[in-house]
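The block underneath contains the structure these notes are about, expressed in structure tokens.
Every chain is numbered from 1, with letters handed out A, B, ... down the list of sequences.
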2 protein chains.
Amino acid sequence: MFEQLFKSIQEKVTLTQEEMEVCKTFFIPKKLRKKQTLLQEGDICIYNAFVEKGIMRSFFIDQKGNEHIVQFAIEGWWITDLSSFLTNTNSIYTIEALEDCELLLFTTQAREALMEKIPRFERYQRLLLQNAYIANQARINSALTETAEEKYIKLGIAYPGIIKRVPQHMIASYLGLKPETLSRVRKQISNRM
Amino acid sequence: MFEQLFKSIQEKVTLTQEEMEVCKTFFIPKKLRKKQTLLQEGDICIYNAFVEKGIMRSFFIDQKGNEHIVQFAIEGWWITDLSSFLTNTNSIYTIEALEDCELLLFTTQAREALMEKIPRFERYQRLLLQNAYIANQARINSALTETAEEKYIKLGIAYPGIIKRVPQHMIASYLGLKPETLSRVRKQISNRM
DNA sequence: TAATTTTCTTGACCTAAATCAATAAAATTT
DNA sequence: AAATTTTATTGATTTAGGTCAAGAAAATTA
């Protein structure tokens with residue numbers, strides 16, 4: 001149940017066996033079936049969810065009624081509405097399982113308490129936030145500079161696992177493209193090979 | 001010299017008079033003339049810069065030779081290449097003064113040391129990172145959902161000071177538009193009023 | 001204040017991606 | 001296995017914003 005989580009933590013900081021045992025008690029294991037939601041738009045996001053198994057997505061609907069996927073999370077990744085989670089405000093995102101999932105839920109309080117108890121855990125959390133920030137920065141630059149084809153190819157290189165496991169129209173949504181456009185982009189790429 | 005900085009800190013955490021004095025010793029005051037740079041693309045960004053006076057920008061040039069402004073920073077804001085600063089890697093951004101500026105420079109080491117010495121300062125730093133993350137998230141959503149006109153109007157509402165102080169083609173660059181497009185957008189808006 | 005550089009505007013035209021519409025193929029559910 | 005829903009493809013057309021080019025107005029510098 002905790003393999004992925006400890007793998008993720010040990011990549012960034014070192015915890016003793018004892019600390020890892022303490023750690024476990026702060027997480028709530030939770031199974032979600034495909035299409036079930038962890039968070040509904042408008043609610044306050046009280047969990048940061050670590051994905052042990054399966055794949056999740058967060059998305060929102062804009063004023064024009066278009067759905068936009070904000071993030072995918074596969075095994076070993078965290079997913080939450082960080083803005084809502086950190087500042088206790090209503091979420092604009094919905095978080096949903098795309099496959100049957102096994103999650104480890106981490107509440108705001110558990111997070112505070114565990115950071116208090118295990119200082120190195122705070123470092124882990126800070127590094128996660130840094131990485132999330134850097135990934136977002138890259139995504140802004142991508143949205144501003146790349147063509148549809150470049151975006152798709154780069155995503156395929158960076159996260160081949162996601163492209164294989166997620167319906168194509170959701171990849172399109174994540175990249176800010178229409179499904180028809182992504183279909184055409186893919187055709188063009190394969191025509192050239 | 002430190003008014004803006006302490007104002008920024010006190011908005012988020014409370015420091016004693018003594019702590020503020022300690023704080024001061026960790027910053028390097030630096031004046032930059034218009035067009036001078038704090039960071040050149042390719043260098044490692046060793047400073048997080050706080051703007052006491054003036055206005056700074058960070059930008060990069062993409063493969064196609066187009067310049068993209070990543071951030072503006074006016075009085076009371078921080079500017080750096082966070083990715084380079086936090087992970088000690090070569091920067092892809094250049095950071096430049098758009099007006100004569102007074103900065104307070106904060107090195108990686110000073111940051112670590114001050115966070116060690118004044119724990120509440122670590123909280124301030126964490127809150128800054130959170131805010132930066134949330135702002136970036138909003139910017140991605142904006143890039144993905146808004147028209148040129150919406151982007152410009154929202155920027156004007158959120159940061160009227162920036163629109164007034166920065167050349168229009170730089171606003172365009174920040175919004176991911178061409179200067180001609182922004183000029184036309186502005187004409188359309190004023191025609192309707 | 002003349003010269004240069006930077007900034008902004010406008011027109012004509014182009015293009016990448018969106019939109020609308022129709023099918024077809026897969027996957028799920030009954 | 002039939003019915004339904006989800007997913008993907010393809011064609012015709014539109015459109016928001018980009019590109020190219022020229023000129024004017026401001027701001028800087030000499």
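- Rounding to whole angstrom units, CG of residue A:Leu98 and P of D:dT6 are separated by 14 Å.
- Distances shorter than 4.0 Å separate none of the side-chain N or O atoms of B:Lys187 from OP1 or OP2 on C:dT9.
- Using a 4.0 Å cut-off, some side-chain N or O of A:Thr181 falls inside it from OP1 or OP2 of C:dA18.
- Comparing B:Lys35 and A:Val185 by the nucleotide of DNA chain C whose heavy atom lies nearest to each, the residue mapping closer to the 5' end is B:Lys35.
- Using modelled atom types and a 3.5 Å distance limit, the side chains of A:Tyr93 and A:Ser83 yield no donor-acceptor pair.
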request  = Let me see the working for A:His68 and B:Asn141 under side-chain hydrogen bond (donor to acceptor under 3.5 Å, both in side chains), right down to the final yes or no.
outcome  = CA-CA 8 Å; A:His68 298 271; B:Asn141 296 352; over 6 Å; no
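- Between A:Arg184 atom CZ and D:dG11 atom P the separation is 8 Å, expressed in whole Å.
- The NZ-P distance, from B:Lys178 to C:dT7, rounds to 15 Å in whole Å.
- Judged by atom type and distance alone, B:Glu180 reaches the base of D:dC20 through a side-chain donor-acceptor pair under 3.5 Å.
- Put simply, the side chain of A:Arg186 and the base of D:dT10 share no donor and acceptor less than 3.5 Å apart.
- Not a single donor-acceptor pair under 3.5 Å links the side chain of B:Ser91 to the backbone N or O of B:Cys45.
- Shown here for A:Ile61 and A:Phe59, the closest heavy-atom pair between the two residues is CD1-CE1, 4.3 Å.
- Atom CG of A:Leu175 is separated from atom P of C:dA16 by 18 Å (rounded to the nearest Å).
- Listed pair A:His169 / D:dT6 fails the phosphate criterion, with no side-chain N or O lying under 4.0 Å from OP1 or OP2.
- The residue B:Lys34 sits close only to the backbone: its heavy atoms come under 4.0 Å of sugar-phosphate atoms, none of a base.
- Considering only side-chain N and O atoms, B:Gln168 lies nowhere under 4.0 angstrom from the phosphate OP1 or OP2 of C:dT6.
- Taking atom CD of residue B:Gln188 and atom P of nucleotide C:dT10, one finds them 12 Å apart after rounding to whole Å.
- What separates CD of A:Glu150 from C1' of C:dA17 is a distance of 14 Å, to the nearest Å.
- Taking atom OH of A:Tyr152 as the reference point, atom C1' of C:dA17 lies 17 Å away to the nearest angstrom.
- Of the possible donor and acceptor atoms, none in the side chain of A:Gln36 sits under 3.5 Å from a partner among the backbone N and O of A:Ala97.
- Between B:Pro179 and A:Asn66, the one whose closest nucleotide on DNA chain C sits nearer the 5' end is B:Pro179.
- If you measure from atom CD1 of A:Ile69 to atom P of D:dT7, you get 10 Å, rounded to the nearest angstrom.
- Regarding contacts with the backbone of C:dT9, a side-chain N or O of B:Ser183 is found under 4.0 angstrom from either OP1 or OP2.
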